[in-house]
Engineer: 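Submitted below is the structure of interest, expressed as structure tokens.
Note that the numbering runs from 1 along the sequence shown for the chain.
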Amino acid sequence: MSIGISHITKQFGEQKALNDVSFNVSTGQVVGLLGPNGAGKSTLMRIITGYLTQDGGNVDINGHNTQDTRYDFRRGIGYLPENNPLYPDMYVKEYLSWVGTIYKLGNEKHRRVMELIGITGIGDEQGKKIGYLSKGYRQRVGLAQALIHNPSVLVLDEPTSGLDPNQIVEIRNVIEEIGRNKTVIFSTHIMQEVEAICSRIIIINKGLVVADGTNAEVKALSSGLRQNIVVEFAENVSREAIMAIEGVETATLIDFNRWWVTSGRLEDIRGEIFHFAKNAGFTLLTLQKRDLQLEEVFQNLTTSNNN
């Protein structure tokens, strides 16, 4: 176990940012931390990295309690905050060498700097001032500084925020490569990114963990909330007729005679739709159950708790 979070609470005035949050993360996992703005993601990350102190509960990093002053747990963590704090007047290679000096890498510093320049793909930019780099390359430099001391745990807060689609793919590939032998926690609002590289998803809402598992497990958690079915008829069928089918909760026209039908029932309602079409003399062209997308699961879990 690389990270152990046990009953963490944190309050700012009257607002409870984290409310009894607990989970463990094992070595080699890439965990996507999701939640709406203000859910407590950044607060939790700052507590894990030691930038904030929790009001209650414990954090263990590599088997060491973060409140035990006899051990500097921060040496085992690489951290890239949402607002990447770089020095724009420093050259890329100069900056990474300086960070290596802070971590007292000694004779290993030059080798490690050159290794990270290669891993993060900033070789062509190493002689430029950081202030002249694109945001995508600045994020790469931020990743390099977070990794310079070879930490076993990497915490990334919105690492692809503000990047264009090509830059997002580039940073995603770097994170995926790094995550093969490290423990990575990163927050994002991009669901495709989570589905592409995360072995596990944790969703936080209003300071509470509302889902924790693999992509398939999190989707299964919400499967009882709603069935999604695509129905296509050869004929024009009214919304009122579809809504009269037992178990149908909503019916939305996608295009022409194709409908998006939802049901709040656990039982599959495709049989009812089939019998409706048969009895009414309609021809069914499509009757397909569709799993919830991660974005829909996220909305279900975070909006239902807001009511």
Engineer: Does the cation-pi check pass for R140 over Y137, that is, NZ or CZ under 6.0 Å from the six-membered ring centre and within 45° of its axis?
Structural biologist: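 Yes, cation above the ring, under 6.0 Å and within 45°.
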Engineer: I'd like to know if the side chain of E125 reaches the main chain of I122, judged simply by a donor and an acceptor atom lying under 3.5 Å from each other, with no hydrogens or angles considered.
Structural biologist: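 Looks like no, no N/O pair under 3.5 Å.
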Engineer: Backbone N or O of H7 within a donor-acceptor pair of the S22 side chain at under 3.5 Å?
Structural biologist: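 It does hold such a pair.
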Engineer: Would I47 and L33 show up in the same hydrophobic cluster when neighbours are defined by side-chain heavy atoms closer than 4.5 Å?
Structural biologist: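 In one cluster with I47: L33, yes.
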Engineer: How close do I171 and G136 get, counting heavy atoms only, and between which atoms?
Structural biologist: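 The pair with the smallest heavy-atom distance is CD1-O, 3.9 Å.
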Engineer: Measure the shortest side-chain to side-chain distance between W260 and N228 over non-hydrogen atoms and say whether it is less than 4.5 angstrom.
Structural biologist: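 Touching, per the 4.5 Å side-chain cut-off.
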Engineer: Can you tell if the side chain of L34 reaches within under 4.5 Å of the side chain of M191, non-hydrogen atoms only?
Structural biologist: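 Yes. Closest side-chain heavy atoms under 4.5 Å.
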Engineer: Closest heavy-atom contact between P36 and T302?
Structural biologist: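 Taking every non-hydrogen atom into account, CD-CG2, 3.6 Å.
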Engineer: Go through D72 and R74 one step at a time and tell me if the side-chain contact (heavy atoms from CB on, under 4.5 Å) criterion holds.
Structural biologist: CA-CA 5 Å; D72 186 5; R74 293 179 181 87; 3.4 Å; yes
Engineer: Of the non-hydrogen atoms in K182 and P151, which two are nearest, and what is the gap between them?
Structural biologist: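 Heavy-atom minimum between the residues: NZ-O, 2.7 Å.
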Engineer: Please lay out, stage by stage, how E170 and N173 fare under the test side-chain contact (heavy atoms from CB on, under 4.5 Å).
Structural biologist: CA-CA 5 Å; E170 292 169 358; N173 290 339; 5.7 Å; no
Engineer: Would a 4.5 Å heavy-atom cut-off, applied to side chains only, mark T283 and E235 as touching?
Structural biologist: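 Sidechains of E235 and T283: in contact.
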Engineer: Indicate if L80 and I48 have the same hydrophobic cluster label, given that clusters are the connected sets of ILVMFWY residues with side-chain heavy-atom separations under 4.5 angstrom.
Structural biologist: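 Different clusters: L80 never reaches I48 through Ile, Leu, Val, Met, Phe, Trp or Tyr contacts under 4.5 Å.
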Engineer: Is there a donor-acceptor contact under 3.5 Å linking the side chains of Q139 and T160?
Structural biologist: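 Q139 vs T160: no donor-acceptor pair found between side chains.
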Engineer: Under a single-linkage definition using a 4.5 Å side-chain heavy-atom cutoff for Ile, Leu, Val, Met, Phe, Trp and Tyr, are V153 and V21 assigned to the same hydrophobic cluster?
Structural biologist: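 Linked within one cluster.
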Engineer: Output, in order, the C-alpha distance, side-chain angles, deciding distance and verdict of side-chain contact (heavy atoms from CB on, under 4.5 Å) for K10 and Q15.
Structural biologist: CA-CA 9 Å; K10 183 66 179 179; Q15 180 185 4; over 6 Å; no
Engineer: I need the minimum non-hydrogen distance between L284 and A277, along with the two atoms involved.
Structural biologist: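 What the structure gives for the nearest pair is CG-CB, 3.7 Å.
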Engineer: With a 4.5 Å cut-off on side-chain heavy-atom distances among I, L, V, M, F, W and Y, is there a chain of contacts connecting I117 to L105?
Structural biologist: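 Yes, same cluster.
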Engineer: Quick check: does any side chain N or O of Q11 sit under 3.5 Å from a backbone N or O of G13, one acting as donor and the other as acceptor?
Structural biologist: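 Such a contact is found between Q11 side chain and G13 backbone.
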Engineer: For the pair I229 and T262, evaluate side-chain contact (heavy atoms from CB on, under 4.5 Å) and give the outcome as yes or no after the intermediate values.
Structural biologist: CA-CA 6 Å; I229 299 170; T262 70; over 6 Å; no
Engineer: Does some side-chain heavy atom of V237 sit less than 4.5 Å from a side-chain heavy atom of V231?
Structural biologist: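 Not touching, per the 4.5 Å side-chain cut-off.
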Engineer: In the structure I gave you, are the side-chain heavy atoms of I273 and W259 within less than 4.5 Å of one another anywhere?
Structural biologist: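 No. Closest side-chain heavy atoms not under 4.5 Å.
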Engineer: Please check if atom OH in Y87 has more than 12 non-hydrogen atoms from other residues, nucleotides or ligands closer than 6.0 Å.
Structural biologist: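 It does not: Y87 OH has 12 such atoms or fewer within range.
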Engineer: Rounded to the nearest 0.5 Å, how far apart are CD1 of I202 and NZ of K41?
Structural biologist: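 One finds 13.0 Å between CD1 of I202 and NZ of K41.
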Engineer: Starting at CG of L143, measure out to CG of L154 and round the result to the nearest 0.5 Å.
Structural biologist: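 Those atoms lie 6.5 Å apart.
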Engineer: Distance check, rounded to the nearest 0.5 Å: L52 atom CG versus L18 atom CG?
Structural biologist: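 Between L52 CG and L18 CG, I get 9.5 Å after rounding to 0.5 Å.
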Engineer: For D124, is the CG atom crowded, meaning more than 12 foreign heavy atoms sit under 6.0 Å from it?
Structural biologist: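 No.
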Engineer: Quick one: list whatever passes salt bridge (Lys or Arg N to Asp or Glu O under 4.0 Å) with E195, sequence neighbours left out.
Structural biologist: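 Partners of E195 under the salt bridge (Lys or Arg N to Asp or Glu O under 4.0 Å) test: K219.
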Engineer: Indicate yes or no for a side-chain donor-acceptor contact from R112 to the backbone of L147 under 3.5 Å, with no hydrogens or angles considered.
Structural biologist: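 Yes: the side chain of R112 pairs with the backbone of L147.
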Engineer: Please indicate whether E295 has more than 12 foreign heavy atoms, meaning atoms of other residues, nucleotides or ligands, lying under 6.0 Å from its CD.
Structural biologist: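 No - once you tally the heavy atoms of other residues, nucleotides and ligands closer than 6.0 Å, there are 12 at most.
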Engineer: Please determine whether the number of non-hydrogen atoms from other residues, nucleotides or ligands lying under 6.0 Å from atom CD of E246 exceeds 12.
Structural biologist: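 No, the 6.0 Å shell around CD holds no more than 12 heavy atoms from other groups.
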Engineer: Is the number of heavy atoms from other residues, nucleotides or ligands under 6.0 Å of F12 CZ greater than 12?
Structural biologist: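 Atom CZ in F12 is crowded, with more than 12 foreign heavy atoms closer than 6.0 Å.
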Engineer: Is there a side-chain contact between I130 and V92 in this structure, where contact means two heavy atoms from C-beta onward sitting under 4.5 Å apart?
Structural biologist: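 Contact flag for I130/V92 side chains = yes.
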Engineer: Assess the residue pair T9 and K16 against the criterion (side-chain hydrogen bond (donor to acceptor under 3.5 Å, both in side chains)); give the C-alpha distance rounded to whole Å, side-chain angles, the decisive distance to 0.1 Å, and a yes or no.
Structural biologist: CA-CA 8 Å; T9 60; K16 184 164 280 190; over 6 Å; no
Engineer: Determine the minimum heavy-atom distance between G35 and H189, stating which atoms define it.
Structural biologist: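 Here G35 and H189 meet closest at O-CE1, 3.2 Å.
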Engineer: Going by heavy atoms in the side chains, are H149 and I102 under 4.5 Å from each other?
Structural biologist: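 A side-chain contact under 4.5 Å is absent here.
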Engineer: Taking E177 for its side chain and V174 for its backbone only, find out whether a donor-acceptor pair lies under 3.5 Å.
Structural biologist: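 No; zero donor-acceptor contacts below 3.5 Å.
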Engineer: Could you check whether any side-chain N or O of R239 sits under 3.5 Å from a backbone N or O of L253, counting only pairs where one atom can act as donor and the other as acceptor?
Structural biologist: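 No; judged by distance alone, with no hydrogens or angles, the pair does not exist.
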Engineer: F282 vs F233 aromatic rings, parallel, tilted or perpendicular, using cut-offs 30° and 60°?
Structural biologist: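 Answer is perpendicular, since the angle exceeds 60°.
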Engineer: Please report the shortest heavy-atom distance between S187 and D157, naming the atom on each side.
Structural biologist: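 Scanning both residues completely, I find the closest heavy atoms to be OG-OD1, 2.7 Å.
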Engineer: Look at the side-chain heavy atoms of Ile, Leu, Val, Met, Phe, Trp and Tyr, link any pair under 4.5 Å apart, and say whether M114 and I148 land in one connected group.
Structural biologist: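 Yes.
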Engineer: Any side-chain heavy-atom pair from L133 and V141 closer than 4.5 angstrom?
Structural biologist: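 Answer yes - side chains close enough.
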